[in-house]
Amino acid sequence: MKIKQISVFIENISGRLYEVTELLGENNINIRALSLADTSDFGILRLIVNDPDNAYDLLKHNDFTVGRTDVIAVEVPDVPGGLASVLKALRDSDVNVEYMYAFVERSGDCAVMIFRFDETDQAVEALNNAGFTTIKGEKIYGL
């Protein structure tokens, strides 16, 4: 159920984000979801792409500071309180959400969210026990 997320450290200078996206695009790597957190000096670009291993190697070989992190894609009921119901299951199992962001696709009547947890395996177990669906990486990469 784990999905490989690519994290890229980028300086907060004009054109640096473009360089990352151009490099990926030129190499037929499609961005499926992203999150950008920044400060005045730098940013962390978190990416879900169709080919995470190739993206990692490509960015590394082009002198970007890059890392890989396991994240989970979760189907969240697309109704008022849907996200709260997922977060309650995690709270009840004492799992901490480090960060999360939305995915570009829907799955049936659900939105898809990407989560990073302090205890990934415990989080997956808590979500499954509460009846939530986690989505395999192969499916996410292929969307």
Side-chain angles (χ1 to χ4, degrees), residues 1-12 16-143:
M1 294 301 162
K2 296 176 186 175
I3 297 170
K4 293 178 186 175
Q5 172 189 269
I6 305 299
S7 298
V8 187
F9 176 88
I10 52 177
E11 300 84 1
N12 197 0
R16 195 65 170 152
L17 184 57
Y18 165 74
E19 292 172 10
V20 172
T21 59
E22 178 188 40
L23 181 63
L24 294 174
E26 287 176 346
N27 288 275
N28 204 31
I29 295 173
N30 194 14
I31 299 170
R32 303 303 304 139
L34 66 83
S35 171
L36 179 63
D38 70 332
T39 67
S40 59
D41 297 324
F42 66 90
I44 302 294
L45 176 63
R46 295 179 173 115
L47 301 165
I48 305 295
V49 298
N50 65 322
D51 188 350
D53 293 330
N54 191 28
Y56 176 86
D57 292 341
L58 181 66
L59 291 163
K60 190 89 166 158
H61 286 78
N62 281 275
D63 299 320
F64 287 95
T65 301
V66 62
R68 282 182 274 218
T69 307
D70 287 334
V71 295
I72 303 297
V74 180
E75 290 184 351
V76 177
D78 194 10
V79 297
L83 179 57
S85 67
V86 171
L87 296 173
K88 180 181 183 312
L90 296 166
R91 182 205 62 191
D92 291 350
S93 294
D94 201 29
V95 174
N96 183 45
V97 176
E98 292 184 359
Y99 56 82
M100 64 184 199
Y101 53 96
F103 195 73
V104 296
E105 293 283 333
R106 291 176 49 91
S107 180
D109 292 332
C110 294
V112 178
M113 300 282 298
I114 303 296
F115 287 85
R116 168 77 174 147
F117 302 107
D118 60 346
E119 298 289 338
T120 303
D121 293 333
Q122 183 181 344
V124 170
E125 181 179 343
L127 291 165
N128 290 337
N129 289 342
F132 294 103
T133 301
T134 55
I135 305 171
K136 292 183 180 181
E138 295 77 25
K139 182 175 179 183
I140 293 293
Y141 305 143
L143 292 176

**Q** Sequence neighbours excluded, which residues qualify as ring-ring contact (aromatic ring centres under 6.0 Å, His included) partners of Phe42?
**A** Phe9
**Q** Before giving the answer on side-chain contact (heavy atoms from CB on, under 4.5 Å), spell out for Ile48 and Val71 the whole-Å C-alpha distance, their side-chain angles and the decisive distance to 0.1 Å.
**A** CA-CA 9 Å; Ile48 305 295; Val71 295; 3.8 Å; yes
**Q** Closest approach of Gly82 and Ser85, non-hydrogen atoms and distance?
**A** O-OG, 2.6 Å
**Q** Taking the six-membered ring of Tyr101 as reference, does the NZ or CZ atom of Arg46 fall below 6.0 Å from its centre and within a 45° cone about the axis?
**A** no
**Q** What pairs with Ser7 under side chain to side chain donor-acceptor pair (under 3.5 Å), at least two apart in sequence or on another chain?
**A** Gln5
**Q** Keeping to residues at least two apart or across chains, list the salt bridge (charged side-chain N to carboxylate O under 4.0 Å, His left out) pairs with something in residues 57-69.
**A** Asp53-Arg68
**Q** Please identify each residue that fulfils side chain to side chain donor-acceptor pair (under 3.5 Å) with Arg16, with sequence neighbours left out.
**A** Glu11, Glu19
**Q** Return each pair, listed once, that meets salt bridge (charged side-chain N to carboxylate O under 4.0 Å, His left out) where at least one residue sits in residues 119-128; pairs must be two or more places apart or across chains.
**A** Lys2-Asp121
**Q** Might you point out which heavy atoms bring Ala89 and Ala126 nearest each other, and give the distance in Å?
**A** O-CB, 4.1 Å
**Q** Let me see the working for Ile10 and Leu36 under side-chain contact (heavy atoms from CB on, under 4.5 Å), right down to the final yes or no.
**A** CA-CA 10 Å; Ile10 52 177; Leu36 179 63; 4.2 Å; yes
**Q** If you take all heavy atoms of Asn54 and Asn27, which pair is closest and at what distance?
**A** ND2-O, 4.5 Å
**Q** Working note: Phe103 + Ile135, criterion side-chain contact (heavy atoms from CB on, under 4.5 Å); need CA distance, chi angles, decisive distance, verdict.
**A** CA-CA 12 Å; Phe103 195 73; Ile135 305 171; over 6 Å; no
**Q** Taking all atoms of both residues into account, what is the closest heavy-atom pair of Glu75 and Cys110, and its distance?
**A** CB-CB, 3.8 Å
**Q** Nearest 0.5 Å, please: how far is CD1 in Ile3 from CG in Asp70?
**A** 9.5 Å
**Q** Does anything in residues 113-143 pair up under ring pair (Phe, Tyr, Trp, His ring centres under 6.0 Å), and if so which pairs, sequence neighbours excluded?
**A** Phe115-Phe117
**Q** For the residue pair Met113 and Val76, what are the closest heavy atoms and their distance?
**A** CG-CG2, 3.5 Å
**Q** Consider side-chain contact (heavy atoms from CB on, under 4.5 Å). Of Leu59, Leu24, Leu23, which one does Ile29 pass it with?
**A** Leu24
**Q** Which pair of non-hydrogen atoms, one from Leu47 and one from Val8, has the smallest distance, and what is that distance?
**A** CD1-CG2, 4.3 Å
